[in-house]
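A short worksheet on the structure shown next.
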Amino acid sequence: MSLGFVIGESKPTFVTAITSRALSVGEYIKIGSDEGEILGLVERSSVSSAAFTDVRNFDEAAESTEIAELNKRDKTFTAHIGILGFLNNLKKGQSIIPAIPPIPGTEIAQPTKQDLDEIFSPKENGWVKIGNLLRNKTIDARVNLDKIVSRHLGILAMTGMGKSNLVSLVTKQISKLKGTVIIFDYHNDYTSLNIPRVNVIDAKINPRLLDADQLSEVLEIRDGANVQQRVLRMAFTKHVKESKEFWSKLETEIDFIVNSEDKKLKEIRTSAYRVQDIIEEAQKRFEDILDPDMGDPISFIKEGRTNVLNISELSEKQANVAVAFYLQQLLKDRKDASIARHGKTKRQRNFRFNSPIFVIIEEAHVFIPKDHDTSAKYWAAKIAREGRKFGLGLGVVSQRPRSVDLNVLSQMGSFAIMKIIQEDDQRQIASATESTSRELIAQLTSLNVGDAVLVGQWTNLPSLVHVEEVKEKIMGADQSAVNAWANAEKMNEVAIESTQGLVQKDLLLD
């Protein structure tokens with residue numbers, strides 16, 4: 001059935017159409033062509049009324065309402081449609097834009113369910129369902145898991161719009177395939193994720209495995225305290241790293257500097273005293289976090305499982321060091337595995353993981369910031385560039401895209417973009433996702449919870465979808481303050497009644 005006609009100036013990538021009804025943004029349209037049928041996406045939609053043109057006051061508006069009701073030709077429905085490619089090619093995963101634009105007067109129509117199913121719900125191995133098309137609930141939205149591991153994934157949205165739900169859903173689908181996922185959980189959102197094969201790890205740091213600069217960050221020696229950092233570098237020797245009594249040996253090395261009669265060491269004695277205090281304080285404050293006897297942290301990660309690394313107890317600097325350490329070791333392991341698999345080494349097996357790994361960094365703006373360098377940012381950028389060659393995929397998740405390093409963000413081959421209001425965030429997204437039109441980005445402000453724009457290599461076409469809810473995800477939703485206050489009041493009343501009962505019993509006993 002005809003929906004309307006192409007009008008005005010048309011281009012190979014964009015047409016305008018007058019339609020018989022208002023079309024929804026995100027709706028797919030089929031356009032006739034001598035070269036073959038073309039598929040388009042409604043990127044902007046408008047309705048105008050001749051009767052209401054130049055209306056200046058209430059009375060004119062009231063009269064215009066009557067005129068508009070009588071005149072069936074009064075309403076004009078206009079759709080601005082981005083051309084996605086030839087329909088038959090899109091079904092094969094090929095986006096070929098027509099060389100000749102559609103001729104004005106060309107009829108437009110709705111694609112069939114079969115047309116959309118073939119494009120958005122491929123049944124090939126590796127494609128998994130994450131929801132439905134937003135404007136057509138009968139069409140499953142499927143994504144290619146291979147592409148997010150080989151080409152990386154960005155999930156961007158305001159707080160509360162469904163980022164962690166989508167992370168949980170992607171994780172759940174990988175878990176079904178017994179794949180290996182590692183989530184750096186900065187806000188303790190995933191430790192209660194109730195899906196099979198979950199391995200929750202309370203992240204700790206083995207100070208023996210760090211370099212001096214990393215240890216300085218973990219101990220929270222302040223930035224700019226250059227002499228204190230120098231003292232630590234002098235004391236943090238190979239013997240300290242290998243000593244059974246790590247902290248004692250480190251303190252002994254500091255003592256040597258404090259008590260030395262060497263003229264140069266005397267000049268830094270005051271700073272050495274301060275480093276002593278910092279180490280002593282760190283042992284008390286961070287005894288549950290810093291563990292020189294824990295062995296290799298990578299050994300706690302289990303292959304074929306969802307590994308939730310709970311870093312919520314770490315400070316920002318400590319978490320940064322921990323994330324950097326894991327990323328560095330994981331990249332090394334996957335490189336060693338790749339070299340061994342291709343028979344390029346005669347050494348014995350020296351890697352842990354036999355299959356690809358997908359790493360997800362929550363709160364990416366903290367670990368991969370735009371405005372300054374961090375060790376985690378260095379290794380994330382390295383994985384973004386090199387990880388695909390070795391089966392190490394990277395997922396970055398953030399509610400502040402404007403604060404995430406653009407060099408890393410632009411390496412993401414696929415994106416799920418949910419509701420975003422800030423213009424700075426939208427500009428950053430536009431810079432990172434060149435295939436996303438301005439019109440589509442403009443729709444980000446109108447999305448509801450769970451709605452997302454999917455672009456990039458994990459989907460055959462840019463699409464607006466509603467992501468299905470993961471029932472197994474318990475944490476992460478907004479807490480109800482009203483309910484919490486009411487429950488607290490009830491508990492107080494129960495406590496008072498219980499106390500009064502005890503007092504009465506005591507009086508009776510007397």
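Just the heavy atoms: all of them, side chains too, but no hydrogens, waters or symmetry mates, feed the values below.
Under the 4.5 Å side-chain criterion, counting only non-hydrogen atoms from C-beta, L406 is not in contact with K370. Contact of the L39 side chain with the I119 side chain is registered, since non-hydrogen atoms from C-beta on lie closer than 4.5 Å. Between I38 and P98 the shortest side-chain heavy-atom distance falls below 4.5 Å. Looking only at side-chain heavy atoms (C-beta outward), K163 and M158 stay at 4.5 Å or farther from each other. Counting heavy atoms from C-beta outward, T180 and F358 have side chains that stay 4.5 Å or more apart. The side-chain heavy atoms of L193 and V200, taken from C-beta on, include no pair separated by under 4.5 Å. Looking only at side-chain heavy atoms (C-beta outward), K419 and S446 stay at 4.5 Å or farther from each other. When side chains are defined from C-beta on, E43 does not count as touching V25, because their heavy atoms never get closer than 4.5 Å.
The nearest pair of heavy atoms linking S175 to T306 is CB-OG1, 4.0 Å. For the pair L156 and I420, the tightest heavy-atom approach, listed with the atom from each and the gap, is C-CD1, 4.4 Å. Contact detail for I421 and Q426: the closest heavy-atom pair is O-NE2, 3.5 Å. When all heavy atoms of L444 and M418 are compared, the closest pair comes out as CD2-O, 3.8 Å. When all heavy atoms are compared, the tightest approach of I108 to A17 is CD1-CB, 3.8 Å. Closest approach of D185 and T191 over heavy atoms only: OD2-N, 3.6 Å.
None of V465, L153, L454, V170 except one satisfies the side-chain contact (heavy atoms from CB on, under 4.5 Å) rule with V143; the exception is L454. Just one residue in the list V308, I361, I357 forms a side-chain contact (heavy atoms from CB on, under 4.5 Å) with I182, and that residue is I357. Partner D296 forms a side chain to side chain donor-acceptor pair (under 3.5 Å) with one of R208, Q329, R352 and no other, that one being R352.
The aromatic rings of H80 and F14 lie parallel to each other, their planes meeting at an angle below 30°, with 60° marking the opposite boundary.
Listed for the S168 side chain is a donor-acceptor partner under 3.5 Å among the backbone atoms of S164. The backbone N or O of W458 sits nowhere less than 3.5 Å from a side-chain atom of N144 that would complete a donor-acceptor pair. Although no hydrogens or angles enter the test, the distance criterion places a donor-acceptor pair under 3.5 Å between the side chain of K123 and the main chain of S121. A donor-acceptor pair is defined here as one N or O able to donate and one able to accept, closer than 3.5 Å; no such pair exists between the side chain of S414 and the backbone of I148. Using modelled atom types, no side-chain atom of D291 and backbone atom of I289 make a donor-acceptor pair closer than 3.5 Å. Listed for the D333 side chain is a donor-acceptor partner under 3.5 Å among the backbone atoms of F353. Under the 3.5 Å distance criterion, the side-chain polar atoms of Q173 are left unmatched by any main-chain donor or acceptor of V128. Put simply, the side chain of H152 gets close to the backbone of L394: a donor and an acceptor are under 3.5 Å apart. At distances below 3.5 Å, not a single donor-acceptor pair connects side-chain atoms of T106 with backbone N or O atoms of P102.
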Exercise for the section: Decide yes or no on side-chain contact (heavy atoms from CB on, under 4.5 Å) for L87 and D115, but give the supporting numbers first. Expected result: CA-CA 8 Å; L87 186 59; D115 289 334; 3.7 Å; yes

Exercise for the section: Please test I103 against V6 for side-chain contact (heavy atoms from CB on, under 4.5 Å), starting from the C-alpha separation and ending with a verdict. Expected result: CA-CA 7 Å; I103 305 300; V6 174; over 6 Å; no

Exercise for the section: Would you check, one step at a time, whether the test salt bridge (Lys or Arg N to Asp or Glu O under 4.0 Å) holds for E118 with K92? Expected result: CA-CA 8 Å; E118 289 185 47; K92 302 172 186 175; over 6 Å; no

Handout entry: Verdict with reasoning, L409 to V396, per side-chain contact (heavy atoms from CB on, under 4.5 Å)
Key = CA-CA 8 Å; L409 202 60; V396 298; 4.0 Å; yes

Practice task
Before giving the answer on side-chain contact (heavy atoms from CB on, under 4.5 Å), spell out for F86 and E37 the whole-Å C-alpha distance, their side-chain angles and the decisive distance to 0.1 Å.
Solution key: CA-CA 6 Å; F86 289 109; E37 292 181 320; over 6 Å; no

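We find that E124 and R142 are not joined by a salt bridge, their nearest charged nitrogen and carboxylate oxygen being 4.0 Å or further apart. Residues K178 and E303 are not paired through a salt bridge, judged by the lack of any N-O separation under 4.0 Å between the basic side chain and the carboxylate. Residues E469 and K471 are paired through a salt bridge, judged by an N-O separation under 4.0 Å between the basic side chain and the carboxylate. Checked for salt-bridge contact, D425 and R402 meet the test: a charged N lies under 4.0 Å from a carboxylate O. Looking at D223 and K317, a side-chain N of the basic residue comes within less than 4.0 Å of a carboxylate O on the acidic one, giving a salt bridge. With salt bridges taken as basic N to acidic carboxylate O contacts below 4.0 Å, one links R233 and D213.
Side chain to side chain, S312 and H187 fail the donor-acceptor criterion of an N or O pair below 3.5 Å.
Enclosure of atom CG in D34 is not indicated, since only 12 or fewer non-hydrogen atoms of other residues, nucleotides or ligands lie within 6.0 angstrom. The local environment of NZ in K204 is sparse, with at most 12 non-hydrogen atoms from other residues, nucleotides or ligands closer than 6.0 Å. In the displayed structure, N125 atom CG is contacted under 6.0 Å by at most 12 heavy atoms of other residues, nucleotides or ligands. For CD of E313, the number of neighbouring non-hydrogen atoms (other residues, nucleotides, ligands) closer than 6.0 Å is 12 at most.
The six-membered or imidazole ring of F367 lies away from that of F184, with a centre-to-centre distance of 6.0 Å or more.
Here the CG-CD1 distance, from N89 to I96, works out to 4.0 Å after rounding to the nearest 0.5 Å.
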